Trainee: 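Take a look at this one; I'll ask things after.
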Amino acid sequence: MSDVLTCAACGAKNRVRTVPEGQVPACARCGAALPWLHDGTDATFAEDVQAPVPVLVDFWAPWCGPCRVMGPVLEDVARECAGKVRVVKVNVDENPQSAARYGVRSIPTLLLMREGQVVDTVVGTVPRAALLGRLAALAE
């Protein structure tokens, strides 16, 4: 499985299969950190939440209006914080085990994780600035 990540600096599309442990994805053309946004699954969840940067997990569903509101916000956060955060989107309809493991009862639910451990939880929509503030606090 691979993701295609678009570089915010030069616009190049980069196919990213795996990222070496302790690193963040970088553009093959210009070397800039890539916005690390991708879909997670039950099968890949344990691997998805391991990263040298904070991980923001979005539990969502395509039929959920508030989830659709958060989608562009999370894309902006991934671009703005390229190299500083990993955003993993988990569709709860297709991946119920991960949602059940973390007690997700309402969507959207955002988990902020560090080294595979939940350090903050947000249920419902949240303004971009508030989300950036929580990520900044996590990075300290």
Side-chain angles (χ1 to χ4, degrees):
M1 181 179 96
S2 64
D3 294 313
V4 176
L5 305 177
T6 302
C7 180
C10 72
K13 296 195 182 300
N14 293 262
R15 185 171 308 278
V16 178
R17 285 191 170 81
T18 60
V19 178
E21 190 172 328
Q23 295 183 19
V24 297
C27 179
R29 182 186 295 166
C30 72
L34 292 170
W36 205 357
L37 171 75
H38 65 96
D39 294 327
T41 66
D42 285 339
T44 63
F45 191 85
E47 181 181 311
D48 290 338
V49 298
Q50 297 298 323
V53 295
V55 178
L56 174 58
V57 180
D58 173 29
F59 288 100
W60 72 286
W63 49 262
C64 168
C67 298
R68 290 194 312 255
V69 169
M70 286 305 298
V73 171
L74 295 173
E75 290 173 15
D76 287 347
V77 167
R79 273 192 299 275
E80 187 172 327
C81 300
K84 298 177 186 165
V85 68
R86 180 179 195 174
V87 179
V88 179
K89 296 183 63 65
V90 179
N91 182 328
V92 296
D93 290 337
E94 297 173 357
N95 303 285
Q97 293 173 345
S98 297
R101 176 203 265 150
Y102 289 94
V104 174
R105 293 176 171 239
S106 180
I107 54 174
T109 292
L110 307 174
L111 300 182
L112 295 163
M113 303 180 85
R114 178 63 109 171
E115 298 176 5
Q117 301 299 314
V118 177
V119 295
D120 197 3
T121 303
V122 178
V123 178
T125 59
V126 61
R128 185 179 147 280
L131 188 55
L132 288 171
R134 286 181 172 211
L135 285 168
L138 183 59
E140 295 174 353

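The structure displayed is predicted, hence computed values, not measured ones.
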Trainee: I need the minimum non-hydrogen distance between Ala78 and Leu37, along with the two atoms involved.
Mentor: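 Shortest heavy-atom contact: CB-CB, 4.0 Å.
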
Trainee: Please list, chain by chain and in numerical order, all residues satisfying side-chain contact (heavy atoms from CB on, under 4.5 Å) with Lys13, sequence neighbours excluded.
Mentor: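 Listed in chain order: Val4, Thr6.
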
Trainee: Are Leu111 and Ile107 grouped together when hydrophobic residues (ILVMFWY) are joined by side-chain heavy atoms under 4.5 angstrom apart?
Mentor: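 Yes, Leu111 connects to Ile107 through the hydrophobic network.
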
Trainee: Start with the C-alpha gap between Cys81 and Val87, add the side-chain angles, then the distance that decides, and say whether side-chain contact (heavy atoms from CB on, under 4.5 Å) holds.
Mentor: CA-CA 10 Å; Cys81 300; Val87 179; over 6 Å; no

Trainee: For Ala26, check side-chain contact (heavy atoms from CB on, under 4.5 Å) against everything at least two apart and list the hits.
Mentor: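 Partners of Ala26 by the side-chain contact (heavy atoms from CB on, under 4.5 Å) criterion come out as none, since no residue qualifies.
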
Trainee: Ala46: which residues meet the side-chain contact (heavy atoms from CB on, under 4.5 Å) condition with it, sequence neighbours left out?
Mentor: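 side-chain contact (heavy atoms from CB on, under 4.5 Å) list for Ala46, sorted by chain: empty.
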
Trainee: How many angstroms lie between CD in Gln117 and CZ in Arg114, if you round to the nearest 0.5 Å?
Mentor: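 It is 12.5 Å, given to the nearest 0.5 Å.
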
Trainee: Applying side-chain contact (heavy atoms from CB on, under 4.5 Å), name anything that partners Val53, two or more places apart in sequence or on another chain.
Mentor: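 Applying side-chain contact (heavy atoms from CB on, under 4.5 Å) to Val53 gives Val24, Trp36, Ala51, Arg86.
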
Trainee: Could you give the side-chain donor-acceptor pairs of residues 54-75 under 3.5 Å, partners two or more places apart or in another chain?
Mentor:
{"from": "Asp58", "atom 1": "OD2", "to": "Lys89", "atom 2": "NZ", "distance (Å)": "2.7"}
{"from": "Trp63", "atom 1": "NE1", "to": "Asp93", "atom 2": "OD2", "distance (Å)": "2.6"}
{"from": "Arg68", "atom 1": "NH1", "to": "Pro62", "atom 2": "O", "distance (Å)": "3.3"}

Trainee: Any chance CD of Gln97 has more than 12 other-residue heavy atoms, nucleotides or ligands included, within less than 6.0 Å?
Mentor: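 It does not: Gln97 CD has 12 such atoms or fewer within range.
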
Trainee: Enumerate the residue pairs fulfilling ring pair (Phe, Tyr, Trp, His ring centres under 6.0 Å) with a member in residues 74-114, sequence neighbours excluded, ordered by first and then second residue.
Mentor: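 Checked against ring pair (Phe, Tyr, Trp, His ring centres under 6.0 Å) - neighbours excluded - the pairs reaching residues 74-114 are Phe45-Tyr102.
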
Trainee: For Arg128, enumerate each residue passing the salt bridge (charged side-chain N to carboxylate O under 4.0 Å, His left out) test, keeping only those at least two apart in sequence or located in another chain.
Mentor: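 Partners of Arg128 under the salt bridge (charged side-chain N to carboxylate O under 4.0 Å, His left out) test: Glu80.
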
Trainee: Please name all residues satisfying salt bridge (charged side-chain N to carboxylate O under 4.0 Å, His left out) with Asp42, sequence neighbours left out, ordered by chain then number.
Mentor: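 Partners of Asp42 by the salt bridge (charged side-chain N to carboxylate O under 4.0 Å, His left out) criterion come out as none, since no residue qualifies.
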
Trainee: Please name all residues satisfying salt bridge (charged side-chain N to carboxylate O under 4.0 Å, His left out) with Asp76, sequence neighbours left out, ordered by chain then number.
Mentor: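 With sequence neighbours excluded, Asp76 shows a salt bridge (charged side-chain N to carboxylate O under 4.0 Å, His left out) to Arg79, given in chain and number order.
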
Trainee: Can you tell me how far the SG atom of Cys30 sits from the CG atom of Asn14, to the nearest 0.5 Å?
Mentor: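 Between Cys30 SG and Asn14 CG, I get 8.0 Å after rounding to 0.5 Å.
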
Trainee: Looking only at heavy atoms, which two atoms of Ala99 and Val92 are closest? And how far apart?
Mentor: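 Closest approach of Ala99 to Val92, heavy atoms only: CB-CG1, 3.9 Å.
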
Trainee: Hey, what do you get for CG (Asp39) to CG (Asp3), rounding to the nearest 0.5 Å?
Mentor: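 These two atoms lie 7.5 Å from each other.
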
Trainee: Which residue pairs satisfy the ring pair (Phe, Tyr, Trp, His ring centres under 6.0 Å) criterion with at least one member in residues 106-130, sequence neighbours excluded?
Mentor: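 Applying ring pair (Phe, Tyr, Trp, His ring centres under 6.0 Å) to every pair that reaches into residues 106-130, excluding sequence neighbours, yields nothing.
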
Trainee: How far apart are the closest heavy atoms of Thr121 and Val118, and which atoms are they?
Mentor: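 Reported closest heavy-atom pair: OG1-CG1, 3.7 Å.
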
Trainee: Are Val119 and Val104 connected in a single hydrophobic cluster, I mean Ile/Leu/Val/Met/Phe/Trp/Tyr linked by side-chain heavy atoms less than 4.5 Å apart?
Mentor: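 Hydrophobic grouping puts Val104 apart from Val119.
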
Trainee: So which heavy atom on Asp48 is nearest to which on Gly40, and how close?
Mentor: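 Shortest heavy-atom separation between Asp48 and Gly40 comes out as OD2-CA, 3.2 Å.
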
Trainee: Starting from Val123, walk the hydrophobic network (Ile, Leu, Val, Met, Phe, Trp, Tyr; side-chain heavy atoms closer than 4.5 Å) and list everyone else you reach, by chain and number.
Mentor: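 Via sub-4.5 Å side-chain contacts, Val123 links to none.
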
Trainee: What is the minimum heavy-atom distance between Ala12 and Cys27, and which atoms define it?
Mentor: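 Taking Ala12 first and Cys27 second, the nearest heavy atoms are CB-SG, 4.0 Å.
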
Trainee: For Thr44, does its backbone N or O pair with a side-chain atom of Thr41 as donor and acceptor, under 3.5 Å?
Mentor: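 At least one qualifying donor-acceptor pair exists.
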
